[in-house]
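Structure record follows, encoded as structure tokens.
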Amino acid sequence: MAALAAQPDPETLAGLYRQMLLIRRFEETVYYLFLEGEIPGTLHQYQGQEAVAVGICDVLEPTDWITSTHRPHGHALAKGVTPRAAMAELFGKSTGCCAGKGGSMHLGDPSVGMLPAIAIVGGGNTVVTGLGLAFALRRSEQVAVCFFGEGASNEGAFHEGMNFAAVRRLPIVFVCENNLYGASTRFDAVSALVDVAGRAAAYGIPGRVVDGMDVLAVREAGASAVARARAGEGPTLLECKTYRFVGHSRSDARGYRAAEEEAAWRERDPIPRLRAILGVETAEGLEAEVEATIADAVEFARASPDADPQEALTDVLA
Amino acid sequence: MAALAAQPDPETLAGLYRQMLLIRRFEETVYYLFLEGEIPGTLHQYQGQEAVAVGICDVLEPTDWITSTHRPHGHALAKGVTPRAAMAELFGKSTGCCAGKGGSMHLGDPSVGMLPAIAIVGGGNTVVTGLGLAFALRRSEQVAVCFFGEGASNEGAFHEGMNFAAVRRLPIVFVCENNLYGASTRFDAVSALVDVAGRAAAYGIPGRVVDGMDVLAVREAGASAVARARAGEGPTLLECKTYRFVGHSRSDARGYRAAEEEAAWRERDPIPRLRAILGVETAEGLEAEVEATIADAVEFARASPDADPQEALTDVLA
Amino acid sequence: MSSPEPSRRLTIGEALREAIAEEMRRDESVFLIGEDIGIEGGFGGAFGVYLGLPEEFGHDRIVNTPISEKVIAGAAVGAAALGMRPIADMQYADFLFECMDELVNQAAKLRYMSGGKISVPLVMRAPVGATNRGAQHGQSPESYFVHVPGLKVVCVSDAYHAKGLLKSAVRDDNPVLFFEHKLLYGSKGREQAGGLDLTAEVPSEEYLVPIGKAVVKRSGSDVTVVATHLALYRALAAAEELGTEHGIECEVIDPLTLLPLDVETVWSSLRRTGRLAIVHEDTLTGGWGAELAARAAEECLFDLEAPIKRIASLDVPMPSAPSLEDAVVPSVERIKTVIRQLRD
Amino acid sequence: MSSPEPSRRLTIGEALREAIAEEMRRDESVFLIGEDIGIEGGFGGAFGVYLGLPEEFGHDRIVNTPISEKVIAGAAVGAAALGMRPIADMQYADFLFECMDELVNQAAKLRYMSGGKISVPLVMRAPVGATNRGAQHGQSPESYFVHVPGLKVVCVSDAYHAKGLLKSAVRDDNPVLFFEHKLLYGSKGREQAGGLDLTAEVPSEEYLVPIGKAVVKRSGSDVTVVATHLALYRALAAAEELGTEHGIECEVIDPLTLLPLDVETVWSSLRRTGRLAIVHEDTLTGGWGAELAARAAEECLFDLEAPIKRIASLDVPMPSAPSLEDAVVPSVERIKTVIRQLRD
Ligand SMILES: Cc1ncc(C[n+]2csc(CCOP(=O)(O)OP(=O)(O)O)c2C)c(N)n1
Ligand SMILES: Cc1ncc(C[n+]2csc(CCOP(=O)(O)OP(=O)(O)O)c2C)c(N)n1
Ligand SMILES: [Mg+2]
Ligand SMILES: [Mg+2]
């Protein structure tokens, strides 16, 4: 797939808007359901970062694969996990995409090209090289995308994965979502380099800083990185500067960051930004569509049976 | 300690020559003793790389510390482990620097500022940050040096250690001995970057390529990096380009590298190079001295008792 | 020392905080290292144990790290080798696998490799337990470390022992893996732990609890039950019900230290009861219960009147759905059923 | 199939090489990944097992990696999740701790986390055993993996079973940890292994050996001895001497697979002998022998006429000096002494 023009056609724009909104409403809804006690465990949410998952996944083929993190809801929906299967998984129902065994931190579905999300920070950064290696060995044209946070770039796994992918020119795009914080820790407190993209040079591959709050910018950068990978020219590191509008996890009061900082980033919310381009009418149509989809997903999850205790013992070994 | 002039005084030159020669003769002797069956296990030897350990350790204080690798003989002797204690350790004798419990791959002695060498590739790269952290917390002026190979720079430990040392400006000098090969694997086959020093930029610290076959060049680079660390300005990555004249370990036939390459590097042997500067007379005096020291060490090791089997159960817990 | 002040009831979280603060006051060489600790407006560590400490001790001695477990453990090893006393923090015990080399190959072996010339006095704290977070945030991996010569392994289940043992761990000259159960911190109220009272009497005066000593939590003459962490409370609940419903009196022992294991306390009970049940949330096969059972089968075989039973999490990765997790971890019901078999 | 060709005597190293070559010929999805494999003029892996394979299979399917254990294991997991069948290589089992997360948290759990939608058919080969190289190159860490639900663990001790089990491991849809003993490869002649004949009869026709099945190496009616790797040969030597010197007839069993463990074969022997001794080079406390003993103490308690004995490496890091190493690993003498106690 060649690099795209800055302004895609209306259908594409509508699709991007629908997907970002789907993620936003999904997250708002599950947060509410969590507080209501309908969803167990904890949640690492994606509000604010929608442009990254949506912009990247829009330029992927269904046969391409992604790896994800402890914050996978957005990646899962963007790659095609159905809202029903994702919602049911959060509920711990047997109809969830992982049959209730994975939960919020492990959403995934091989049928849409997504491994169960890996909640070990940096975990996907080595595993993704195996996806790329499989594609290379099979001489397929598939591409693998590794989503990870800026905090993960301080893990040894980041280093080993980048180096190996680079030296073997594997068809991989490393997408770093730099939302400034790893849990409560600012990146500039744990790295002397402010741009993760600057680390690409250590592996002799291109690194690029992208406005992660602009879905069109992400999509364009993603398209050329994916094209490069498909052409066998090797991996690219894309650093998308973004921000999570909510807490790190469900219980986070966000005392470690300033209200002004949050407000400034909310100003750059990717959804209104695209809505302005799209026009009110189209937008409202899509919004109604999304509301219905989410409502249906919640209904589906509620109506589904709890995972059967008997199933606890299955799926350990193949 | 401030940076040095290129040409040190005669005593210093003599000391550098003595130390390099001591290591060379030590290695040649233990190789022979190994073939004779007097030394058990295996050996990872240092011939050819002497200028690195000697040049760096010459600018360290006795109170400074080093970490080492599976190839520690040169580092140990350069930092001040006695030839007797090192030789006895290789023999598995109770008088060895580790009481026979460590062996060739774990030479060390806290009394001279050397941790037992860590034979896990990259192992020292995280542990050394603890040495630097201890110095920083105690506000001491001590410095820690981490010796490691270019192969280790592909380990996650390299990345985590460099990043942490850099962001906390720890008093550490990372000395990479790039001898072109990790076991049988050429570095250019496992890294897209040929200079390990190029990775320093990923951590916002200085990285410098040094002629590792020139003890004076190593010493000067080491002096300024050590001075920088002592001044609280943080870590430096020095990459010393060098070559091991012998096999990776005792059993290595070196079929993976060309005789021409070996010959070219032997041309650059750091010992004759310094001998030329030093003059034959001084050199011959030092050579006799070294022969005697090695002979004494071998005698000592032979005369020492085997480690007592009863001792196998001690030193597990403090 | 002045007249003893009254003791207070503290949660494990509060007790650990006190232990850390006291040891940091006592010994300059004690410092903290980990992720998200000592951040202004932060969490005070994954379970709030460090809240308030930066105010007293400043940021030098509370080392907030990148997300680099190898550095957390490796730096702790290096600093400890120089005589510092790091208290390292792993946000979840599941992440210990990221620094297994530093713990197993470095921390546990450096002293021996050096011929006894150095010691590695570090503490690594790690929360265990299943809380509907799935396979990578719900493990109780303490048993892996019971297999490592050169380490000590502690599991705490109440505030009194938590404080005294953490202080002893800090003063111990060896690497100590210190495991705490997420549902027992008391930070999030009792309902999480099924209505348990998560506070215990803690003296106001300083005290230590020795590493390597088990405690009898309930005495009984019929069955010896050894359990840790949340499973201990389930075992105690089962014991009460078995007593009232079936007249089976269980003696319940909290080993507190898994390595070295205080078998004497267990044997002296076992010699009276002739029956042994072991309960832990770590998975069954290769769990620490196997070691205790194996030692009983060697050292007390002829005291045994019934097969040794182990009640543990099923041999599966931890599922996230409550309906599945409840089926995997040892429940009061499962404990009761198995112990009743011991009496048939 | 044509008339059977005569079988040959092969070393374990040769048998493993044959197994790998046959599986690579049979299945395009099989590939090799590790350090120093497939290098022109190189070692063919730390113990030469891969020598000659690049010539037949080329370099694409023999992936030489940087010194990056996390990538070796992580890439194997990712490729396996897509249906490839990686045979990953760890130069020494001691280095498995560098990729413990990829093995324990990823390889073993991904299938379960996915609700059974993916499988992870990888093989990780790792050499174990003490060879005067000290604490970080002499471990036998197989027991750590026996504690991991989702893995299989194999230990081979002769060429016949090594070949058949490696082929089965490659075809198995689960992650298999495949442990080999350095002194049994046969690459360096017999003296290293104390004069053992390191070759065995290997059929020329293709065959598989099932994972999860133990073999009886020597039959006897007095004591059941379960042992692996080099310790198996020491147990067999001890058995011979005990027979001739003391009339004690040991039945010696090689479990071959530690997870899942074939207890039936052990129990059927134990029910006859009433006595059980377990021998392994991995350290004692928390070793796999504990699990076997614990199961015996639950499932066969009333068949036991004597305490269950475990003979293992002492609970210390492995020392390098021969005089110390010999005192740490299980010796024929130590095995004999302990087994004789079983008969007193
Ligand atoms: C190996 C590991 N260490 C620590 C954690 C705990 N943890 C979960 S998320 C997180 C922060 C991750 O930051 P980043 O990579 O920037 O991703 P973000 O949460 O910002 O999306 C941490 C420390 C973990 N899950 N895995
Ligand atoms: C974690 C780990 N992986 C692999 C090995 C096996 N090994 C020992 S030395 C070596 C090569 C190291 O290369 P380099 O770092 O360049 O050091 P050099 O041997 O060249 O001095 C390897 C792969 C090891 N000891 N530790
Ligand atoms: Mg982040
Ligand atoms: Mg090298």
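Below, chains carry the letters A, B, ... as their sequence lines are ordered, and counting in each starts from 1.
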Heavy-atom pairs under 4.5 Å with chain D - which of [options] has more of them than the others?
options: A/H106, A/K101, A/R138, A/E160; answer: A/E160
options: A/L170, A/V167, A/I118, A/N125; answer: A/I118
options: A/S94, A/G100, A/P110; answer: A/P110

Over 60° means perpendicular and under 30° means parallel, so classify the ring planes of [Y] and [X], tilted if in between.
X: A/F158; Y: A/Y203; answer: perpendicular
X: D/H137; Y: D/F95; answer: perpendicular
X: D/F47; Y: D/Y92; answer: tilted

Can you tell me which portion of [X] sits under 4.5 Å from chain A's heavy atoms? Options are side chain, backbone, both or neither.
X: D/I33; answer: side chain
X: D/E69; answer: backbone
X: D/K152; answer: side chain
X: D/S114; answer: both

Under a 4.5 Å heavy-atom cut-off, does chain D meet the side chain of [X], its backbone, both or neither?
X: A/T314; answer: backbone
X: A/L137; answer: side chain
X: A/A117; answer: backbone

Would you mind telling me which of [options] has the largest number of heavy-atom pairs within less than 4.5 Å of chain A?
options: D/D101, D/T65, D/V77; answer: D/D101
options: D/L110, D/D60, D/V63; answer: D/V63
options: D/L82, D/D172, D/L151, D/D173; answer: D/L82

(request) Identify the two heavy atoms, one from A/C98 and one from A/G102, that lie closest to each other, and give their separation to 0.1 Å. (result)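 Taking every non-hydrogen atom into account, CB-N, 3.6 Å.
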(message) If you compare all heavy atoms of D/G45 against all heavy atoms of D/I37, which two are closest, and at what distance to 0.1 Å?
(response)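 So the two residues come closest at CA-CG2, 4.1 Å.
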(message) Counting C-beta onward and ignoring hydrogens, is there a side-chain heavy-atom pair between A/L115 and A/V128 closer than 4.5 Å?
(response)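 Heavy-atom side-chain distance check fails, nothing below 4.5 Å.
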(message) I need the A/F187 CZ to A/S153 OG distance, nearest 0.5 Å.
(response)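 Between atom CZ of A/F187 and atom OG of A/S153 there are 3.5 Å.
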(message) Checking side-chain contact (heavy atoms from CB on, under 4.5 Å) between A/P72 and each of A/L107, A/L77, A/T67, A/V81, which is the one that passes?
(response)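 Option passing the side-chain contact (heavy atoms from CB on, under 4.5 Å) with A/P72: A/L107.
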(request) Identify whether the distance between the nearest side-chain nitrogen and carboxylate oxygen of D/K70 and D/E102 falls below 4.0 Å. (result)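 Answer for the salt bridge query: yes.
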